[in-house]
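Below is one structure, written out as structure tokens; the observations come after it.
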Amino acid sequence: MKPVKVGICGLGTVGSGSFNILRKNAEEITRRVGRSIVIEQVGARRDNDACDTTGVNMTRDIFDVVNNPEIDIVLELIGGTSVAKELVLTAIKNGKHVVTANKALIAEHGNEIFARAQEKGVIVAFEAAVAGGIPIIKSLREGLSANRIDWLAGIINGTGNFILTEMSEKGRDFDDVLKEAQALGYAEADPTFDVEGIDAAHKLTILASIAFGIPLQFEKTYTEGISRITSEDVAFASDLGYAIKHLGIANRTKNGIELRVHPTLISNKQLLANVNGVMNAVMVKGDAVGPTLTYGAGAGAMPTGSSVVADVIDVARTLTSDPNNRVPHLAFQEDALSDVNVLPIEEIECGFFLNMTIQDRAGVLANITQILSKNGISIESLIQREREGSDLVPLVVMTHDVKERAMNAAIAEIEALPDVAGTVQRIRVETLA
Ligand code: HSE
């Protein structure tokens with residue numbers, strides 16, 4: 001059979017990993033697909049020392065690749081949303097299938113891109129957009145398709161998890177660990193996407209859409225990063241038997257869908273609490289299967305390239321199978337997507353870890369507990385520590401589940417107390433039950 005011809009746009013971290021896997025595993029891939037997959041052309045602004053491109057048709061203009069009539073599948077690995085969107089829409093217009101690792105593009109423009117792809121009868125595959133090397137899209141869209149998904153929760157940003165792990169295990173400084181993540185190729189071009197939770201929010205948007213059969217709604221995802229987390233928070237949480245992880249949570253409730261990304265305390269006994277370094281893991285709770293957990297490298301050239309190439313193989317197989325019976329882009333038939341509402345964060349209910357600095361003086365604790373009680377907040381545990389040579393001491397309060405709206409009101413009142421210094425650090429707590 002004729003070889004399948006691939007054009008690669010972008011030869012950065014993911015592009016180089018995908019290029020090298022297609023080369024290194026060419027024989028194994030041919031055995032799987034029944035025909036060879038060849039790299040027809042590579043479009044990149046600069047060469048990458050990690051790739052031997054001798055004899056490869058190289059171009060500096062990525063649009064040469066999408067306009068090359070020889071190419072069947074375009075790999076969009078340039079990142080960003082403006083040029084990448086134009087590139088993908090041009091490829092679709094030219095009747096080419098697309099494989100992308102671009103979570104921002106899918107989360108923010110996926111609804112439009114999939115509609116165009118559907119009209120042209122081509123596939124836009126995006127396994128590598130979420131959780132690097134973990135086949136979570138395939139798992140949710142196909143392996144768990146018998147289930148009504150109740151919720152999912154995942155560590156879906158490798159950089160953030162790497163930073164939290166190093167802070168907790170080695171007491172390292174936030175900026176120092178971030179620099180290392182950048183050097184290792186884990187971090188986004190703009191690392192605020194990692195530390196402010198935007199990257200995880202892009203990924204959660206995609207997962208939720210596929211899990212629940214809802215359109216992509218990035219703008220409704222509550223997004224909070226890890227930049228406010230201190231080593232003191234990490235140490236207190238650990239004393240209480242918890243780890244602080246940056247989680248993406250999508251939960252189907254009777255009132256609507258929760259879509260939220262934020263630092264979260266989870267019990268050290270949870271498997272997710274032991275997912276460390278750049279590793280990602282996603283827990284999915286289906287009504288038939290119960291809880292499942294997938295784990296693997298969430299970033300890096302070869303793990304992410306593994307997902308890109310798996311998509312290329314899937315698309316290559318589809319070329320010779322029934323085009324009218326494909327797995328839908330968002331797992332559910334396009335005309336069967338649900339318009340169930342996404343809940344605002346104030347409507348969400350969970351436990352809270354509060355860390356504040358107070359004057360070590362009679363009556364202060366009573367005032368704080370009274371405010372919590374007045375707002376219907378029940379305390380689960382409380383720790384007050386001495387701080388040598390200072391009247392200002394840390395107070396940590398763990399609460400039972402309460403609506404975020406009530407917690408906001410209580411925190412505003414606590415922060416207004418003259419004996420409370422600065423702001424109250426609030427971190428949500430999840431049981432993942
Ligand atoms: N910056 C991302 C992360 C890369 O750290 O997870 C993979 O999407």
Side-chain angles (χ1 to χ4, degrees), residues 9-10 12-15 17-18 74-85 87-89 98-114 117 123-141 152-162 181 185-211 214-223 225 246-250 259-261 278 280-282 294 296-301 303-308 310-311 329-331:
C9 297
T13 302
V14 184
S18 308
V74 169
L75 274 50
E76 182 283 297
L77 306 174
I78 61 169
T81 47
S82 48
V83 180
K85 183 178 175 194
L87 189 81
V88 167
L89 291 177
V98 176
V99 172
T100 177
N102 193 331
K103 52 254 157 165
L105 180 71
I106 297 298
E108 294 179 29
H109 303 287
N111 295 323
E112 180 188 348
I113 288 170
F114 297 141
I123 300 168
V124 177
F126 51 95
E127 180 66 69
V130 181
I134 304 178
I136 185 64
I137 303 289
K138 185 101 177 160
S139 165
L140 265 176
R141 205 161 53 175
L152 62 86
I155 295 173
I156 46 180
N157 181 267
T159 303
N161 202 39
F162 184 63
Y186 302 153
E188 294 304 298
D190 176 355
T192 57
F193 273 48
D194 296 297
V195 296
E196 298 306 342
I198 301 157
D199 177 77
H202 283 140
K203 294 167 180 168
L204 183 75
T205 301
I206 298 171
L207 290 178
S209 185
I210 289 172
I214 56 175
L216 295 150
Q217 296 167 81
F218 170 65
E219 66 293 347
K220 294 192 186 156
T221 302
Y222 174 77
T223 306
H246 190 243
L247 292 191
I249 298 172
L259 278 185
R260 50 196 171 103
V261 163
V278 75
N280 281 194
V282 184
T294 45
T304 314
S306 162
S307 288
V308 169
D311 269 349
H329 287 110
L330 290 177

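The figures here come from the full heavy-atom set of this structure, side chains too, leaving out hydrogens, waters and symmetry mates.
The side chain to side chain contact (heavy atoms under 4.5 Å, CB included) with K103 is formed by just one residue from the set I206, L204, V130; it is I206.
Within the 4.5 Å cutoff, no side-chain heavy atoms of L259 are placed close to those of T205. Contact of the L207 side chain with the I156 side chain is registered, since non-hydrogen atoms from C-beta on lie closer than 4.5 Å. A heavy-atom distance below 4.5 Å is found between the side chains of L140 and L152.
Here the closest non-hydrogen pair linking G80 and L105 is O-CB, 4.4 Å. Shown here for F218 and A107, the closest heavy-atom pair between the two residues is CB-O, 3.7 Å. In terms of heavy-atom proximity, A299 sits nearest to V278 at CB-CG2, 4.1 Å. Residues G132 and T304 approach most closely at CA-OG1, 3.9 Å, considering heavy atoms. Pairing each heavy atom of A128 with each of V308, the nearest pair is CB-CG2, 3.6 Å. The minimum heavy-atom distance linking V261 with A200 is given by the pair CG1-CB, 3.8 Å.
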(message) Between I134 and E127, does the side chain to side chain contact (heavy atoms under 4.5 Å, CB included) criterion hold? Intermediate values first, please.
(response) CA-CA 8 Å; I134 304 178; E127 180 66 69; over 6 Å; no

(request) Assess whether side chain to side chain contact (heavy atoms under 4.5 Å, CB included) is satisfied between L330 and N111, documenting all intermediate values. (result) CA-CA 9 Å; L330 290 177; N111 295 323; 4.2 Å; yes

(message) The test is side chain to side chain contact (heavy atoms under 4.5 Å, CB included); show your working for F162 and D194 and say whether it passes.
(response) CA-CA 11 Å; F162 184 63; D194 296 297; over 6 Å; no

(request) Dump the intermediate steps for side chain to side chain contact (heavy atoms under 4.5 Å, CB included) on E112 and L89, then the final yes or no. (result) CA-CA 9 Å; E112 180 188 348; L89 291 177; 3.9 Å; yes

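Rounding to the nearest 0.5 Å places CD1 of I113 at 7.5 Å from OG1 of T100. Summarising the geometry, atom CD1 belonging to I137 is positioned 11.0 Å from atom NZ belonging to K203; distances are rounded to the nearest 0.5 Å. Distance CD1/I210 to NZ/K138: 12.0 Å, rounded to 0.5 Å. Here CD1 of I136 is found 10.0 Å from CG of N280. Values are rounded to the nearest 0.5 Å. Between the OG1 atom in T81 and the NE2 atom in H109 there is a gap of 4.5 Å [rounded to 0.5 Å].
Between the T223 side chain and the T221 main chain, a donor and an acceptor come within less than 3.5 Å of each other. Between the E76 side chain and the A101 main chain, no donor and acceptor come within less than 3.5 Å of each other. A donor-acceptor distance shorter than 3.5 angstrom exists from the side chain of S18 to the backbone of V14, with no hydrogens or angles considered. Between the D199 side chain and the F193 main chain, no donor and acceptor come within less than 3.5 Å of each other.
Using bins of under 30°, 30° to 60° and over 60° for the plane-to-plane angle, the ring pair F114/H329 lands in the parallel bin.
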